Amino acid sequence: MKSLAITGLLICFSFSEVIAQQPLSDTINIKGVEVKTRKIHQKEKSAYPIQSLTAKGIESVAGTSVAEAVKTFSGVTLRDYGGIGGLKTIMVRSLGANHTGVFIDGVAVTDIASGQVDLSKLPLEGLEEVSLELGNASQQCITARAQASASLINLRSKNPDFRNRKTNGNLSLKAGMYGLINPALLLNQKTGKKSWIGLNLNYLQAEGDYPYLVDNGPAGTHHETRNNSDITALSANAVYNFSPSDSSGFQARLRIYESERGLPGAVIFYNPHSSQRLTNKDMSVNLHYRSGKKKISTLSNAGWSRAWLRYLDPDYLGYTSSLDNKYLQHEYYLSQAMSIKAGKQFTVSAATDLILNSFSSNLYNNSNPMRYSLLVSGGLSHRTRTTETSAGMLLSLIGDKKDGDEKMKDFSKISPWANFTLRILDDPAIRLRLMYKQIFRLPSFNDLYYNLVGNPGLKPENAGQINAGLLFSKKVMGSTDVNLRIDAFGNRVSNKIIAVPTQNLFVWSMRNIGKVNTQGIELQIETDSKINAEMSIGISMNYTYQQAFDMTDQNSASYKHQIPYIPYETFSGMYLINYRSFAVNYNLLFNGFRYSAGENMHENLLPGWWISDAGLSWKTETSRITYKIKGEVSNLFNREYVVIRSFPMPGRSFALTATLQF
C-alpha cells in the first residue's frame, strides 16, 4: 500500500511537469485511484469457532424461526418435536441446551425455570445476522453474562438506512400449506438528526395438520394426520435509538411475545391423539448504552423481563379431571462492562452483572424460589502483527432462597479461559488457533424444586472445552473467495445432571452422577464467486463427526456408549445463485444414525436422514420501492423421518412470500 502511494505521487509529479510546459491551462485534473479490498469477517480470524448467516443466507432458509437457521451450523443437534408449533431446542457439540446462551442485539433471552430457550419463539424476519459462537464472545467489551455460556447464539437486527428518506421499512406476507399465514411489518422513522424509532410486528398462524406414515412393523404401515400441532403467535418489538456520535449510542427496546399452541404428542401404540396446550405471554424492557473513545470503551445494560406460561393437559389422569399448571418468572438485570487499551498491544477488559430471578407457580407445594447472581469477568489480551493471546476468568457468586428456608444457599466458582491465534501466512491467509474454557451449568429451578422431581442438593454441571483449529482463506481466479476452517475439539462434562426413575416411570429424581467425554472434528468450507456483473454463486458446507460417550459407570450397560440423540455425523450445505433479478437456493441437511436411549442397541437405533429445501426468488426495484416474490419448498423429496423418536416430521410442503420494501 505504501509503495502504491509513492508510485502515485511520482506519477502525479511527472505528469505535472509535462503539463507545466503547456501554455493552454494551469489546471491539473487527475483521475482518482480506487483501491478495492474484501472485508474480513470475524469468523475468518477468530481464536474460537464462529459460524454465521448474513441477510442473504437468512433469506434462503426455509422456515420462519431462528431454529431453522441455527440447525444448518456444524456441531448443532436440533431437538425438534415436529411442525411449526413444536418446541425446538439445540445442543452444541453434545452439551445440553442449558449451556447455550441466546442474545438479541446483546440482550439475553432466558428461561430460569428450565434453562432452555425455545428457539421456535424467535422469528427470522427483521434479522441482519444469526451467528453461533463457541467459547468466548466476539467482542472485548462484553457483559459477564455472555462469558458465562459454553456457546452463544447472537441475533442482530437490521439497522435502517435513512440516507434517502426519513421513513423506511418493509411489509411481507408468507403463506403456505397446512394453514400457514405469516404477515410481518417493519417500520422505521427518523425523529431527529441522531435519533430514530422502529417497530417490528410478526404474526404467525398455522394448523400444522400434516400427513405422515406410521410404521407398525409386522402389522404394516398406515397413513395418519398430525393433530394438536397448531399455533397462533404474535411477536412485537419497539425500539428507540439515539446516537450522539459514531462511537456512542443509547437504545431502549420493548419486546412482547404471545402464543397459544398445541403440543403434538408421541405417536405410540396406534394412538396419535394429543390434547396438551401451551400458552406463553412474555414481555421485556431493556436499556442499552455504549460509548467508545480512543482507548476506553464502555457498555451499560439494564433490563426487566416477565414470562408467564400455562401448561394444560385435559386428559391428565391425576387427582382432578385435568392438569392446569401456571408459571410466572421475573428477572431484573444490571450490567457494566469496560475495555481499556494499554499501549499499542495490550487491552484490559472487565464486566460486572447483577441478576435477580424469581419463579412462582400455582402448584400446591410451590416454594417461590429466588436466585441472586453476581457475575464478574476480567481479561487481558495482547496483540501483535502475527499473534493474539488473551486470557481471563469468570467469578460467579450465586445464592438461592425459597419459602421456608431460614438462610440462603450460596454457590461460588471461578471459571478460567484462554485463547491464542498465530498468523502463519498472509497470502494465502493461514491462521492457527487454540481455545480453552471452563464453564458450568447451574441447576435450573425445575431441576431443584419441581414437584416430586426436584433435588435441592444438586451440584453445578461442570464442562471443560478445548479446541484447536486451522483457518485458510484465499482469493482465487481474481473473483472467488475461498475460506476453509478445520477444528478438532473435546469436551469433558462432570457432575452431569440427569433424571433417573424412582417409584415408577412417572416419578423421577434428579441426580449428579453423569460423566460425558466428547471428541470430534468439524470442517467448514465457504466460497463466494462473482462470475460477472450480473451473476454470483455462494456455497457453504459444514461437516461434523463427534463421539459423545457416557463415562459414568464402568458397570453400566451404557458405559462408553454414545449418549442419546447425538448423531456421529452431521452435514449441511447451502448453495445460492444470483443472476440479475433472480436468486436460486438449495439447502441440504444430513443427520446420521443415533440412539434414543443410553444403551446403544438395535432397539434404540434411529436411522439417519437427508432432507432438502429449495427456493426461487425474483426482485425488482423502482426509485422508492423494491418488490420481491419468493417460492420455497421444504423437504423437497418428501422424506419420512423423525428427529425425536415417535415424533414424525412434516413431508413436502410449499410456501410463497411477497415482500414490499420502501
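Remember, predicted model here, so these are calculated numbers, not experimental data. Side chains are part of it too, since the values below use all heavy atoms of this structure and drop only hydrogens, waters and symmetry mates. Position 1 is the first residue of the sequence; numbering continues from there.
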Could I get the full list of ring-ring contact (aromatic ring centres under 6.0 Å, His included) partners for Tyr586, not counting sequence neighbours? none

Quick note, salt bridge (charged side-chain N to carboxylate O under 4.0 Å, His left out) partners involving residues 98-107, not counting sequence neighbours, are Asp105-Arg253

How about Thr518 and Gln546: does a side-chain donor come under 3.5 Å of a side-chain acceptor? no

Any residue meeting ring-ring contact (aromatic ring centres under 6.0 Å, His included) with Tyr333, in chain and number order, not counting sequence neighbours: none

Validation row: Ile521, Ile486 side chains within 4.5 angstrom (heavy atoms): yes

Asn587 meets the side chain to side chain donor-acceptor pair (under 3.5 Å) criterion, sequence neighbours left out, with none

Check whether Asp353 reaches the backbone of Arg145 with its side chain - one donor and one acceptor, N or O, closer than 3.5 Å. yes

Please identify each residue that fulfils side chain to side chain donor-acceptor pair (under 3.5 Å) with Thr64, with sequence neighbours left out. none

Between Glu522 and Arg485, does a salt bridge (Lys or Arg N to Asp or Glu O under 4.0 Å) hold up when you go through it step by step? CA-CA 8 Å; Glu522 290 181 356; Arg485 298 181 291 276; over 6 Å; no

Just by distance, do the side chain of Arg371 and the backbone of Ile355 share a donor-acceptor pair under 3.5 Å? no

Do Trp609 and Leu589 touch side chain to side chain, with heavy atoms closer than 4.5 Å? yes

Answer yes if the side chains of Gln147 and Ser377 hold a donor-acceptor pair under 3.5 Å, and no otherwise. no

Fit a plane to each ring of Phe549 and Tyr568, take the angle between them on a 0 to 90° scale, and name the class: parallel (under 30°), tilted (30 to 60°) or perpendicular (over 60°). perpendicular

Result block: side-chain N/O donor-acceptor pairs under 3.5 angstrom for residues 460-472, not counting sequence neighbours:
from   : atom 1 : to     : atom 2 : distance (Å)
Glu461 : OE1    : Ile497 : N      : 3.1
Glu461 : OE2    : His99  : NE2    : 2.9
Asn462 : OD1    : Lys413 : NZ     : 3.3
Gln465 : NE2    : Ala150 : O      : 3.4
Asn467 : OD1    : Arg93  : NH1    : 3.0
Asn467 : OD1    : Arg93  : NH2    : 3.1
Asn467 : ND2    : Asp487 : OD1    : 2.7

With Trp417 via ring-ring contact (aromatic ring centres under 6.0 Å, His included) - residues at least two apart: none

Applying side-chain contact (heavy atoms from CB on, under 4.5 Å) between Met574 and each of Asn542, Val61, Asp613, report the one that passes. Val61

Main-chain N/O of Thr570 paired to Thr544 side chain as donor or acceptor, under 3.5 Å: no

Assess whether a salt bridge exists between Asp427 and Lys474, defined as any Lys/Arg side-chain N lying under 4.0 Å from an Asp/Glu carboxylate O. yes

Only one of Ile153, Thr110, Val109 passes side-chain contact (heavy atoms from CB on, under 4.5 Å) with Val117, and that residue is Val109

Main-chain N/O of Gly115 paired to Ser444 side chain as donor or acceptor, under 3.5 Å: no

Could you walk me through whether Thr421 and Asn419 pass side-chain hydrogen bond (donor to acceptor under 3.5 Å, both in side chains), step by step? CA-CA 7 Å; Thr421 57; Asn419 301 321; over 6 Å; no

How many angstroms lie between atom CD1 of Ile296 and atom OG of Ser291, to the nearest 0.5 angstrom? 9.0 Å

Any side-chain heavy-atom pair from Leu78 and Glu68 closer than 4.5 angstrom? no

Distance-only, no hydrogens or angles: does the Lys437 side chain make a donor-acceptor pair with backbone N or O of Ser149 under 3.5 Å? yes

Is any side-chain heavy atom of Tyr641 less than 4.5 Å from a side-chain heavy atom of Trp610? no

Surrounding CG of Asp161 (heavy atoms of other residues, nucleotides or ligands, distance under 6.0 Å), is the total greater than 12? yes

Out of Ile577, Leu576, Asn578, which one pairs with Asn585 under the side-chain contact (heavy atoms from CB on, under 4.5 Å) rule? Leu576

With a 4.5 Å cut-off on side-chain heavy atoms, are Tyr565 and Arg79 touching? yes

For Ser339, which residues count as a side chain to side chain donor-acceptor pair (under 3.5 Å) partner, sequence neighbours excluded? none

Go through the steps for Arg423 and Thr387 under the test side chain to side chain contact (heavy atoms under 4.5 Å, CB included), then give the verdict. CA-CA 6 Å; Arg423 182 160 59 175; Thr387 65; over 6 Å; no

Can you establish whether the number of heavy atoms outside Met551 located under 6.0 Å from its atom CE is more than 12? yes

Under a 4.5 Å cut-off applied to non-hydrogen side-chain atoms, are Thr143 and Leu299 in contact? yes

Of all pairs that satisfy salt bridge (charged side-chain N to carboxylate O under 4.0 Å, His left out), the ones with a partner from residues 54-64, not counting sequence neighbours: Glu59-Lys628

Beyond-backbone contact of Phe489 with Pro49, side-chain heavy atoms, under 4.5 angstrom: no

Using side chain to side chain donor-acceptor pair (under 3.5 Å) as the criterion, list what pairs up with Thr77, not counting sequence neighbours. none

Would you call Lys43-Glu129 a salt bridge at under 4.0 Å N-O? no

Hey, could you give me each pair passing salt bridge (charged side-chain N to carboxylate O under 4.0 Å, His left out) that has a residue in residues 382-391? Not counting sequence neighbours. Arg383-Glu388, Arg385-Asp426

Set of ring-ring contact (aromatic ring centres under 6.0 Å, His included) partners for Phe346, sequence neighbours left out: His382

Taking atom NZ as the centre, does Lys158 end up with more than 12 heavy-atom neighbours from other residues, nucleotides or ligands that are less than 6.0 angstrom away? yes

Within the side chain of Thr552, is there an N or O that forms a donor-acceptor pair under 3.5 Å with the backbone of Lys515? yes

Testing the 3.5 Å rule here: is there a donor-acceptor pair between the side chains of Ser300 and Gln336? yes

